[in-house]
Amino acid sequence: IISMLAGQLLPALSTAREKGRQANCINNLHQFSLAIEMYYQDYDEYPPWLSVLYPTYLDTSKIFICLTDMNRGKTGHGNDSYSEAIDIPPGNIPGSPEFPGGLDGFNQRNPEITANSYLYEFNPNECQWFMDTKSLDQRNQANTNGDAFVSWKEARLWESTSQGYGGHVPIVKCYWHNLNHGQKVLNLAYGHYNVFTSGPEWDTSSY
């Protein structure tokens, strides 16, 4: 009888624990939004990486860790498709991937932050998925600074204006709840700093 009851209770406890971790992650995203906005007010520009917000705008490195991420940020945001957007030192990135050109943006991150569970969508590195999937005309539209590639920030701002998404495109994203528990991806919108959910392959599926 005890075994049967335990078998019924454990899934419910696991679900409740994950809901608590999601709530903590949403709180982290809200803290990021405040720090990003303070940085923007100071520099009239978005930070190149989340890591540069520490320690001036975020006084603890714990905020960079999603509790659902069992690797505690040591492997980055968890989506292997976007290794150029991992906000940890490049030498720590699992598998030591061969990055395409235009990745000097890693030099702009804060080396004091060596663990980070979150994907920062406004980083200055080349946005490989955009370069691979968009037409030459679209790449030229997005490439506002005239260099040889479209950065993640340029790609997201292009989506915001040219695709009609407005401020609903994500600036920070957490994949870990989806990867470990099949839950929705958590996103922080850049325009109004609302937290919204989406599937792993699309950003604006749920307002």
Side-chain angles (χ1 to χ4, degrees), residues 10-42 46-83 85-88 109-110 112-123 152-153 155-157 159-160 163 165-207:
L10 286 176
L13 290 173
S14 178
T15 299
R17 187 181 298 114
E18 169 57 13
K19 291 296 183 184
R21 290 170 176 166
Q22 288 181 34
N24 180 267
C25 188
I26 290 171
N27 181 64
N28 286 352
L29 293 175
H30 283 305
Q31 293 300 312
F32 285 137
S33 74
L34 295 174
I36 290 169
E37 182 59 23
M38 287 189 291
Y39 185 100
Y40 190 88
Q41 293 299 319
D42 286 344
Y46 292 99
W49 295 95
L50 284 180
S51 56
V52 306
L53 298 171
Y54 173 84
T56 304
Y57 302 95
L58 296 169
D59 61 4
T60 176
S61 60
K62 293 180 180 179
I63 195 172
F64 295 96
I65 309 303
C66 169
L67 297 180
T68 297
D69 175 7
M70 301 195 325
N71 299 313
R72 295 296 182 259
K74 295 295 184 181
T75 59
H77 55 61
N79 190 323
D80 294 338
S81 299
Y82 309 131
S83 56
I86 294 179
D87 191 2
I88 62 176
R109 64 173 309 281
N110 180 0
E112 292 184 58
I113 298 300
T114 59
N116 189 346
S117 302
Y118 297 93
L119 189 155
Y120 181 61
E121 304 260 4
F122 274 42
N123 75 77
W152 276 76
K153 178 187 172 186
R156 284 311 193 189
L157 290 177
E159 287 183 325
S160 175
Q163 302 302 294
Y165 296 153
H168 198 64
V169 299
I171 189 169
V172 185
K173 184 187 294 286
C174 182
Y175 283 106
W176 289 104
H177 308 283
N178 177 264
L179 290 171
N180 291 341
H181 296 280
Q183 302 297 309
K184 293 286 189 178
V185 174
L186 294 178
N187 305 268
L188 176 68
Y190 102 90
H192 41 66
Y193 298 128
N194 287 346
V195 175
F196 66 97
T197 60
S198 71
E201 303 298 333
W202 188 238
D203 298 319
T204 58
S205 61
S206 176
Y207 289 76

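The nearest pair of heavy atoms linking Ser198 to Lys173 is OG-NZ, 4.4 Å. The two residues Leu179 and Gly78 have their closest heavy-atom pair at CD1-O, 3.4 Å. Here the closest heavy-atom approach between residue Arg109 and residue Ser51 is recorded as CB-OG, 3.5 Å. The two residues Gly76 and Ile86 make their nearest non-hydrogen contact at CA-CG2, 3.6 Å. Listed here is the closest heavy atom pair of Pro170 and Phe122: O-CE1, 3.9 Å. The shortest non-hydrogen separation linking Val52 to Pro47 is CG2-CB, 3.6 Å.
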Show me the side-chain donor-acceptor pairs of residues 62-72 shorter than 3.5 Å, one per line, residues at least two apart or across chains.
unit_1: Thr68; atom_1: OG1; unit_2: Glu18; atom_2: OE1; d: 2.9
unit_1: Thr68; atom_1: OG1; unit_2: His177; atom_2: ND1; d: 3.1
unit_1: Asp69; atom_1: OD1; unit_2: Asn71; atom_2: N; d: 2.9
unit_1: Asp69; atom_1: OD1; unit_2: Arg72; atom_2: N; d: 3.4
unit_1: Asp69; atom_1: OD2; unit_2: Gly73; atom_2: N; d: 2.7
unit_1: Asp69; atom_1: OD2; unit_2: Ser117; atom_2: OG; d: 2.7
unit_1: Asn71; atom_1: ND2; unit_2: Thr75; atom_2: OG1; d: 3.3
unit_1: Arg72; atom_1: NH1; unit_2: Leu67; atom_2: O; d: 3.3
unit_1: Arg72; atom_1: NH1; unit_2: Asp69; atom_2: O; d: 2.7

Please table the atom pairs, donor to acceptor, closer than 3.5 Å between any side-chain atom in residues 31-42 and protein atoms at least two apart or in another chain.
unit_1: Ser33; atom_1: OG; unit_2: His30; atom_2: O; d: 2.5
unit_1: Glu37; atom_1: OE1; unit_2: Tyr193; atom_2: OH; d: 2.9
unit_1: Glu37; atom_1: OE2; unit_2: Gln41; atom_2: NE2; d: 2.6
unit_1: Asp42; atom_1: OD2; unit_2: Tyr57; atom_2: OH; d: 2.6

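Between His181 atom NE2 and Gln22 atom CD the span is 8.5 Å, to the nearest 0.5 Å. Here the CD1 atom belonging to Ile171 is positioned 9.0 Å from the NZ atom belonging to Lys153, to the nearest 0.5 angstrom. Rounding to the nearest 0.5 angstrom, the gap separating the CD atom in Glu121 from the OH atom in Tyr46 is 13.5 Å.
Side-chain contact between Glu159 and His168 is absent, with no heavy atoms from C-beta onward closer than 4.5 Å. Between Thr114 and Ile88 the shortest side-chain heavy-atom distance does not fall below 4.5 Å. Counting only heavy atoms from C-beta outward, the side chains of Trp152 and Leu119 approach each other to under 4.5 Å. Residues Tyr190 and Arg156 have side chains not in contact (no heavy-atom distance under 4.5 Å, counting atoms from C-beta outward).
Under a cut-off of 6.0 angstrom, the local environment of CG in Asp59 is sparse, with at most 12 non-hydrogen atoms contributed by other residues, nucleotides or ligands.
Between Tyr120 and Trp49, the ring planes lie tilted relative to each other; the angle falls in the 30° to 60° range.
Counting only distance, with no hydrogens or angles, the side chain of Asp87 and the backbone of Leu50 share a donor-acceptor pair below 3.5 Å.
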### Task
Given side chain to side chain donor-acceptor pair (under 3.5 Å), test Asn79 with His77 step by step and report yes or no.
CA-CA 6 Å; Asn79 190 323; His77 55 61; 5.7 Å; no
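With Leu186 as the fixed residue, the side-chain contact (heavy atoms from CB on, under 4.5 Å) test singles out one of Asn28, Asn178, Ile26, Val172: Ile26.
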